[in-house]
Amino acid sequence: MAGVLANKIAIVTGSSSGLGRAIAVAFAEAGAYVVCADIGASPPKMSVAELVQSQETSLPTHELLEARWPSSSQPRATFVTCDVSMAADVAKLIDNCIARYGTLDIMVNNAGIAPEAMFPSSFRVHEFPEDVWDRTMAVNGKGTWLGCKYAVRQMLRQEPRFSDRGWIINIGSVAAVSGQPVLIAPKSAFADSQTRAIAMEYAHDRIHVNCIHPSFTGTSMLQPMMLRDGVEVVKAALEKDHPWGRLGRPEEIAAMAVFLASGSASWITGQAFTVDGGYTAH
Ligand SMILES: NC(=O)c1ccc[n+]([C@@H]2O[C@H](COP(=O)([O-])OP(=O)(O)OC[C@H]3O[C@@H](n4cnc5c(N)ncnc54)[C@H](O)[C@@H]3O)[C@@H](O)[C@H]2O)c1
């Protein structure tokens, strides 16, 4: 897919790990310049190497992009510290992108947390601590909304540099479309309904808003479950649930993000795409 995002400027939140890191890598490989945003630049110290197929895990994402796809005109990637649940941080993130690159073409609202993965698998809603719900809503729900709000605000100020004015991609979860015990999943619910609503609001401005629902993918998000129940037990159970017979790989979610940010998605908006090894097909 080399070149399909040539010279587009992208922000990827939650870029230091897992899907965000894979999306940042895939975007740079496709020719984009990437503003990497996360609460910290370093990849997670604990690794799930048994599951994660990605190559270098030690370099911060923006340094990896700079090393692999150097550009003579401007930095291939840069890092901005950002807590997506804080409006001031998200506004500053967009300002940083504009100061560095002058424009914003693609916004990927990927940052997320899954604290429920630390609770026993038998946990149910009546046992759930309210403060955990609040924090999850703040990061997964409000964080995505803030990302849409400030990205759209910037995109409306710009004349389209490519065929359209902007591309927003929200990362949800298959939990939006299938019942998942213990998964509180506010992000997936948000990603589905708000993606459609925001897409309707800005279609005439030629801003695409789409969403990806990944199923279980080998990232550090699965680590608490594995620490709790054992890597092999969790892996075997999840593999059984996926007709394709294995967990997803971060680059498989990233490939869909590249497509949705590219000119090939010219007539696609307000849609949710499951990338799930057949998980939701049965
Ligand atoms: N891995 C899966 O199986 C899976 C399945 C469905 C959906 N998802 C979704 O994919 C997205 C990425 O998850 P992942 O699997 O790569 O997890 P991950 O834990 O590997 O990465 C999440 C990243 O988000 C960052 N982050 C957390 N809180 C933040 C905040 N407040 N502000 C900015 N950054 C923050 C973390 O530092 C981390 O780098 C999440 O939204 C998650 O809900 C993942």
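Sequence positions, counted from 1, serve as the residue numbers for this chain.
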*Asks:* Are the side chains of Leu93 and Val35 in contact, using a 4.5 Å heavy-atom criterion?
*Replies:*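 Side chain of Val35 against side chain of Leu93, heavy atoms only: contact under 4.5 Å found.
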*Asks:* When you compare the side chains of Arg21 and Ser15, does any donor N or O come within less than 3.5 Å of an acceptor on the partner?
*Replies:*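 Per modelled atom types, Arg21 and Ser15 side chains form no pair under 3.5 Å.
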*Asks:* Indicate if Val275 and Ile106 have the same hydrophobic cluster label, given that clusters are the connected sets of ILVMFWY residues with side-chain heavy-atom separations under 4.5 angstrom.
*Replies:*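 Yes, same cluster.
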*Asks:* When rounded to the nearest 0.5 angstrom, what distance separates CD1 in Ile169 from CG in Asn210?
*Replies:*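 One gets 7.5 Å once the value is rounded to the nearest 0.5 Å.
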*Asks:* Do Ile9 and Cys97 have side chains that get closer than 4.5 Å, going by heavy atoms?
*Replies:*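 Side-chain contact under 4.5 Å: yes.
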*Asks:* Could you pull out the closest heavy-atom pair between Ala191 and Gly172, with the gap in Å?
*Replies:*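 Looking at all heavy atoms of both residues, the shortest contact is CB-CA, 3.8 Å.
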*Asks:* Looking just at side-chain N and O atoms, do Asn170 and Thr195 make a donor-acceptor pair shorter than 3.5 Å?
*Replies:*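 Thr195 and Asn170 do have a side-chain donor-acceptor pair below 3.5 Å.
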*Asks:* Please examine the side chains of Ser85 and Lys142, heavy atoms only from C-beta on, and report whether any two atoms are closer than 4.5 Å.
*Replies:*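 Contact flag for Lys142/Ser85 side chains = no.
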*Asks:* Quick test of your reading: applying salt bridge (charged side-chain N to carboxylate O under 4.0 Å, His left out), list the pairs with at least one residue in residues 83-112, sequence neighbours left out, ordered by first then second residue.
*Replies:*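 Every pair satisfying salt bridge (charged side-chain N to carboxylate O under 4.0 Å, His left out) with a residue in residues 83-112: Asp83-Arg135, Asp105-Arg161.
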*Asks:* Would you call the rings of Tyr101 and Tyr33 parallel, tilted or perpendicular, taking 30° and 60° as the class edges?
*Replies:*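 The rings of Tyr101 and Tyr33 sit tilted, inter-plane angle from 30° to 60°.
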*Asks:* Does some side-chain heavy atom of Asn109 sit less than 4.5 Å from a side-chain heavy atom of Cys148?
*Replies:*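 They are in side-chain contact.
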*Asks:* Establish whether Val209 and Val152 are linked, either directly or via other cluster members, by ILVMFWY side-chain heavy-atom contacts under 4.5 Å.
*Replies:*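 They do share one cluster, since a chain of ILVMFWY contacts under 4.5 Å joins Val209 to Val152.
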*Asks:* Are any non-hydrogen side-chain atoms of Val84 and Val139 less than 4.5 angstrom apart?
*Replies:*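 Yes, side chains in contact.
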*Asks:* A quick test of your reading: do over 12 heavy atoms of other residues, nucleotides or ligands sit less than 6.0 Å from CD of Glu127?
*Replies:*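 Count over threshold, so yes.
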*Asks:* Grouping I, L, V, M, F, W and Y whenever their side-chain heavy atoms are under 4.5 Å apart, do Phe79 and Leu104 come out in a common cluster?
*Replies:*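 No, separate clusters.
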*Asks:* Just wondering, do Ile207 and Thr269 contact through their side chains at under 4.5 Å, heavy atoms?
*Replies:*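 Contact flag for Thr269/Ile207 side chains = no.
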*Asks:* Let me check something: any side-chain donor-acceptor pairs from residues 253-262 under 3.5 Å, sequence neighbours excluded? List them with distances.
*Replies:*
{"residue": "Ser262", "atom": "OG", "partner": "Phe259", "partner atom": "O", "Å": "2.7"}
{"residue": "Ser262", "atom": "OG", "partner": "Ser264", "partner atom": "N", "Å": "3.2"}

*Asks:* Are the side chains of Thr219 and Pro250 in contact, using a 4.5 Å heavy-atom criterion?
*Replies:*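 Yes; the side chains approach each other to less than 4.5 Å.
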*Asks:* Side-chain donor-acceptor pair under 3.5 Å between Thr136 and Asn140, yes or no?
*Replies:*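 Thr136 vs Asn140: no donor-acceptor pair found between side chains.
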*Asks:* Dump the intermediate steps for salt bridge (Lys or Arg N to Asp or Glu O under 4.0 Å) on Glu252 and Arg246, then the final yes or no.
*Replies:* CA-CA 12 Å; Glu252 292 171 325; Arg246 62 167 173 78; 2.6 Å; yes
*Asks:* Taking the side chain as every heavy atom from C-beta outward, state whether Trp167 and Val108 have any atom pair closer than 4.5 Å.
*Replies:*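 Trp167 does not reach Val108 side chain to side chain.
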